[in-house]
Protein chains: 2
Amino acid sequence: MKLTSKGRYAVMALVDLARFDSINPVSLRDISLRQGISLDYLEQIFSKLKKNEIVKSIRGTQGGYVLNKNPNDIKLTNIFHAVDEKVKTVQCNKDSKRGCNGKATKCITHNLWDELEIHINTFFENKSLNDLLNKNKETRV
Amino acid sequence: MKLTSKGRYAVMALVDLARFDSINPVSLRDISLRQGISLDYLEQIFSKLKKNEIVKSIRGTQGGYVLNKNPNDIKLTNIFHAVDEKVKTVQCNKDSKRGCNGKATKCITHNLWDELEIHINTFFENKSLNDLLNKNKETRV
DNA sequence: TACATACCTGACTAAAATGGTCAAGTTTTG
DNA sequence: CAAAACTTGACCATTTTAGTCAGGTATGTA
């Protein structure tokens with residue numbers, strides 16, 4: 001199981017963004033240069049972040065992006081959800097009333113995978129952008 | 001982030017295998033039928049499990065596979081490691097002394113991803129095949 | 001000893017996901 | 001009006017996944 005770079009980049013970009021005063025918009029070009037992420041790719045990512053109301057955009061010269069919420073209220077869950085980075089441990093369609101693999105019963109390890117999914121998601125729910133900022137300050141000493 | 005079916009199948013197959021008396025070998029054909037996993041694919045998986053000394057093979061008629069260890073000593077970590085299912089949250093080369101993305105410093109969220117990796121791996125280290133067997137008995141009541 | 005069963009090995013491949021690039025805009029400020 | 005910055009959507013090369021296929025080899029039983 002691996003984290004995709006879309007999810008990773010989204011978090012990196014938001015931490016970068018959050019480190020600046022939220023009154024002055026930060027341009028994607030700046031983030032691109034500082035974090036070494038392609039500008040075109042960042043645009044895709046921020047389009048999604050905007051749709052999910054995590055950031056606001058300000059157009060025109062001197063424009064850029066600004067956080068749309070308090071860093072404390074932006075959890076990793078929200079970020080990952082926005083860019084379609086999801087935790088998926090089973091193939092089975094959860095909506096269908098049937099069990100896994102088209103069989104009548106749940107697969108033998110179904111509970112395990114559910115537990116795993118919860119375990120990982122708990123981590124994401126408990127981490128906010130603010131936590132990351134503080135962490136970063138600490139390690140910068 | 002998602003679990004690959006190779007990892008998922010490996011665990012499913014081993015739970016299936018462990019449910020039977022470890023003296024009577026279980027053929028891959030039986031596991032294939034019961035779990036709905038392609039026989040050819042199972043052979044690939046069991047080849048790796050055998051190399052990692054998680055199972056033993058018994059050839060010939062009435063042959064099959066048997067656990068090579070106590071179910072209590074087979075952790076999810078061991079299984080996943082055997083079939084090359086690994087948890088990867090960063091792209092960066094851990095061996096290189098340099099930071100991430102070829103830059104001089106560690107990327108801004110590096111600590112976060114390390115934490116996440118540890119969080120997930122802890123889950124795998126704390127779950128044994130035996131835990132899954134018990135769980136399965138419980139839910140069968 | 002024949003033969004069926006089951007393990008064993010390696011090459012091959014279709015489809016999906018990943019990780020982007022490219023092109024052509026629109027909006028706003030100096 | 002020109003430049004900076006956001007906006008949108010199509011496109012694509014590479015890699016990974018999730019297998020299949022084709023041939024083996026070993027061994028227990030009739």
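These values consider heavy atoms only, across backbone and side chains, with no hydrogens, waters or symmetry-generated copies.
Between the side chain of B:Thr109 and the backbone N or O of A:Met12, no donor-acceptor pair lies under 3.5 Å.
Contact annotation: A:Ser57 side-chain N/O to D:dT7 OP1/OP2 distance is under 4.0 Å. For C:dG20, the OP1/OP2 oxygens have a side-chain nitrogen or oxygen of A:Tyr9 closer than 4.0 Å. Residue B:Tyr65 places at least one side-chain N or O closer than 4.0 Å to OP1 or OP2 of C:dC8. Look at A:Lys2 and you won't find any side-chain N or O under 4.0 angstrom from OP1 or OP2 of C:dT18. Look at B:Thr61 and you won't find any side-chain N or O under 4.0 angstrom from OP1 or OP2 of D:dT27. A sub-4.0 Å separation between OP1 or OP2 of D:dA18 and a side-chain N or O of B:Ser38 is absent. An OP1 or OP2 oxygen of D:dT16 is reached within less than 4.0 angstrom by no side-chain nitrogen or oxygen of B:Thr4. Dashed line: the shortest gap from a side-chain N or O of A:Lys50 to OP1 or OP2 of D:dT7 is under 4.0 Å.
In the interface, the side chain of A:Arg59 is not paired with the base of D:dT7 through any donor and acceptor atom under 3.5 Å apart. Side chain B:Glu43 to base C:dC8: a donor-acceptor pair is found below 3.5 Å. Below the 3.5 angstrom threshold, one finds a donor paired with an acceptor across the side chain of B:Gln44 and the base of D:dT20.
Minimum interatomic distance between A:Arg19 and A:Leu133 (heavy atoms only, all atoms of both residues): CG-CD2, 3.6 Å.
Taking 4.5 Å as the limit, every side-chain heavy atom of A:Leu14 sits out of range of all side-chain heavy atoms of A:Leu132. Between A:Ile74 and A:Ile79 there is a side-chain heavy-atom pair separated by less than 4.5 Å.
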**OP:** Determine, step by step, whether B:Phe80 and A:Met1 satisfy the side-chain contact (heavy atoms from CB on, under 4.5 Å) criterion, reporting the C-alpha distance in whole Å, the side-chain angles of both residues, the deciding distance to 0.1 Å, and the verdict.
**Re:** CA-CA 10 Å; B:Phe80 284 156; A:Met1 28 188 1; over 6 Å; no
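Of the two residues near DNA chain C, B:Asp40 and B:Arg29, the one whose nearest nucleotide lies more 5' is B:Arg29. The 5' end of DNA chain D is approached more closely, in terms of each residue's nearest nucleotide, by B:Leu3 than by the other of B:Leu3 and B:Gly60.
At the heavy-atom level, B:Phe46 lies nowhere under 4.0 Å from the strands shown.
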